[in-house]
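Quick note on labels: first sequence line is chain A, next is B, and so on, each numbered from 1.
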Amino acid sequence: MFAPEATTEIAAVESAPPLIAHIDMDAFFVSVELLRRPQLRGKPVVVGGSGPRAVVAAASYAAREFGVRSATAMAKARELCPGAVILAPDMAAYRAASTRVMAVLAEFSETVEVLGLDEAYLDLGDCPTPKSRARAIKHAIRSQTGLVCSVGIGPNRLIAKIASDLDKPDGLCLLVKERFLDAVGERPARLLPGIGPKTAERIGAIGITTVAELAAVEFEALAAIVGHSQAEALRARARGEGSAELCIARKRKSESRVRTFDHDLTDPAVMHRELTSMAERLAADLLENDRRGRTVTLKIRLRPFRTFSRSRTLATATNDRATITAAALALFDEFERDAPVRLLGVGLAGLEVEDENGPAPEAAASGKPGTRPIQLTLVDLDGEGRDCTTSN
DNA sequence: TCTGGGGTCCTAGGACCC
DNA sequence: TCTGGGGTCCTAGGACCC
C-alpha cells in the first residue's frame, strides 16, 4: 500500500500525510529492573514504595493478570498477588535507561517529542515504509538497551498513541484514519486520551460508552453535559482527528515537591518543618538549573482526602530559599484546617528560564538589566524553544 | 482502587484597567 | 452618573496523564 521509493513525493502529496510514530516502553520500570534481575522474568513483579500509603508504580504483565495496575495501593496489590516480588523504585536507574532509549530514537528522526520517561512521539515524515522503519526502531531499542517497546503509527499523535496501545506488549500497529473507527469504534470511550473516570461517567449518563457512540453523538446533547469546548474536543478525538505537530523542546512551567505522610499530621510545628524542608529542596533544584518563578503554591490535603491549594504571586520571579519558604509558611498559617493533614506540598509556577544567553524573555521585555536580552527574544520567537502549547 | 509524585490544561469568578 | 464591554492577571479547583 505504500509507494515505492521513486514515487514517494507524489504519494506524499496525494494521500499519505506525514506519519507519526508513538513509542511506548512496555512495563518500563519493571523491565529496567529485570535487566539486572533476569531470574525474575515471567514472574509477577511490582515496583512500588513500602509505606502504608504507597501505590504501585509499575507492574509486570504477570502481575497484571492478578489485577495489579499502576496506582493500585500496595496493600491491595499484595492482597491480589501475594506471590509478587516487590521492588523499591530506583528512579535514577529508570532515568538512565530512558536516556539510552531516547538516544536510540534520535538516530531515527530529528523530530522526537519526549513525554515522560517511557514514551515519545517521533516524526516519520513521508517515510514510504513506516512498518519496516518501526521494526528497525524496535530492534535497535532492544539490541542497544535490552528493553521492549510497542510502536503505534498514525497520521496524527492521537491515532499513533492509540495504535501503540492496541497491540501491547511488543506491539507494532499502523492505523490509518479511514480505519480508525473500524479498529476502535466498539472499544470503550475511556480508551481515548483525555477521557478519565469522571468524563466517562458523565457521558455514560447519556448512553455513550463506546468510541463510535461518542463519534456519532449529537453535538448539543454532548455539550449540555461537558460544555461546548470539551464537547468539540471529545467528538474530534472520537473521530480520530488530531494534531500531527511535535514539540521537541517543551518548557517546564512549574515545579513542586509534595509529600504524603504515613500518618496524618496535627502538630503545626512538624508541618512547618516539613514545608520548610520541601521548600528548601525545591529552591535548591531551581537554583541549580537557574530557574525562577513568581507564584508560590501551597498544596494541602486533609483527612480523609480533601485537597486544597493556596497561592501567592510575588512581585518578581525568585528561586531564593528564604523567600519561597516564607511565602509557603505564610500561606500555610493563613489556611484554616479543620482536620489532620495527609499531604503537604510546595510549588513554584510561572517559571522563567534563565539560560546561558541571558535573562528570560519577560525580564528582557520589561527592561531589566541583562547581558543579551534582544538576541534571546528573537531566538525565542522562531527558534526550537518556541512554546508549542498554543499551536495544539 | 482508602487512593504517590510530578506535571499539564481548562474553567470560572473577581479585580482592575481602559 | 446605577452602569457597557473587552482584556489581562490572579486565584482556586477539577480532571487528566505518566
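Pairing of dC18(B), defined by two Watson-Crick or G-U wobble distances under 3.5 Å, is identified with dG5(C).
Straight-line distance between the P atoms of dT3(C) and dC17(B): roughly 23 Å, to the nearest whole Å.
Taking only side-chain nitrogens and oxygens, K253(A) comes nearer than 4.0 Å to OP1 or OP2 of dC9(B).
Under the 3.5 Å distance criterion, the side-chain polar atoms of N319(A) are left unmatched by any main-chain donor or acceptor of D290(A).
Among dG4(B), dG6(B), dG13(C), the nucleotide with an atom closest to any side-chain atom of S256(A) is dG6(B). Side-chain atoms of E119(A) lie closest to dC18(C) of the nucleotides dG4(B), dC18(C), dC16(C). When distances are taken from the side chain of K161(A) to each of dC17(C), dG5(B), dG7(B), the shortest belongs to dC17(C). Distances from the side chain of R310(A) to the nucleotides dG13(C), dT3(B), dG5(B) place dG13(C) closest. When each of dG7(B), dT11(C), dC17(C) is scored by its nearest atom to the side-chain atoms of P193(A), the top-ranked nucleotide is dC17(C). Among dT11(B), dT11(C), dA15(C), the nucleotide with an atom closest to any side-chain atom of K198(A) is dA15(C). Side-chain proximity of S309(A) to dG13(C), dG6(B), dC10(B): nearest is dG13(C). Set against dG13(C), dG4(B), dC17(C), the side chain of R190(A) has dC17(C) as its closest nucleotide. In this structure, of dT11(C), dA15(C), dC18(C), it is dC18(C) that holds the atom nearest to the side chain of D118(A). Minimum atom distance to the side chain of T313(A) is reached by dT11(C), of the listed dC16(C), dG5(B), dT11(C).
Looking at which nucleotide of DNA chain C each of T307(A) and R294(A) is closest to, the 5′-most match is held by R294(A).
You cannot call F305(A) stacked on the base of dC2(B); the centres under 5.5 Å and planes under 30° rule is not satisfied.
Between the P atom of dC10(C) and the CG atom of L331(A) lies a distance of 15 Å, rounded to the nearest Å. Note: CZ (R303(A)) to C1' (dC2(B)) measures 12 Å, nearest angstrom. Between the NZ atom of K299(A) and the P atom of dT3(B) there is a distance of 15 Å, rounded to whole Å. Taking atom CZ on R250(A) and atom C1' on dG6(B), their separation rounds to 14 Å, with Å as the unit.
Counting non-hydrogen atoms under 4.0 angstrom, G49(A) reaches nothing in the nucleic acid. Heavy atoms of L117(A) sit nowhere under 4.0 angstrom from any nucleic acid atom.
In this structure, R179(A) places its CZ atom where only 12 or fewer heavy-atom neighbours from other residues, nucleotides or ligands lie under 6.0 Å away.
Salt-bridge annotation for R301(A) and D264(A): absent, with no side-chain N of the basic residue lying under 4.0 Å from a carboxylate O of the acidic one.
No side-chain donor-acceptor contact under 3.5 Å links E280(A) and T276(A).
In this structure, T266(A) OG1 and R303(A) CZ are separated by 8.5 Å, a value rounded to the nearest 0.5 Å.
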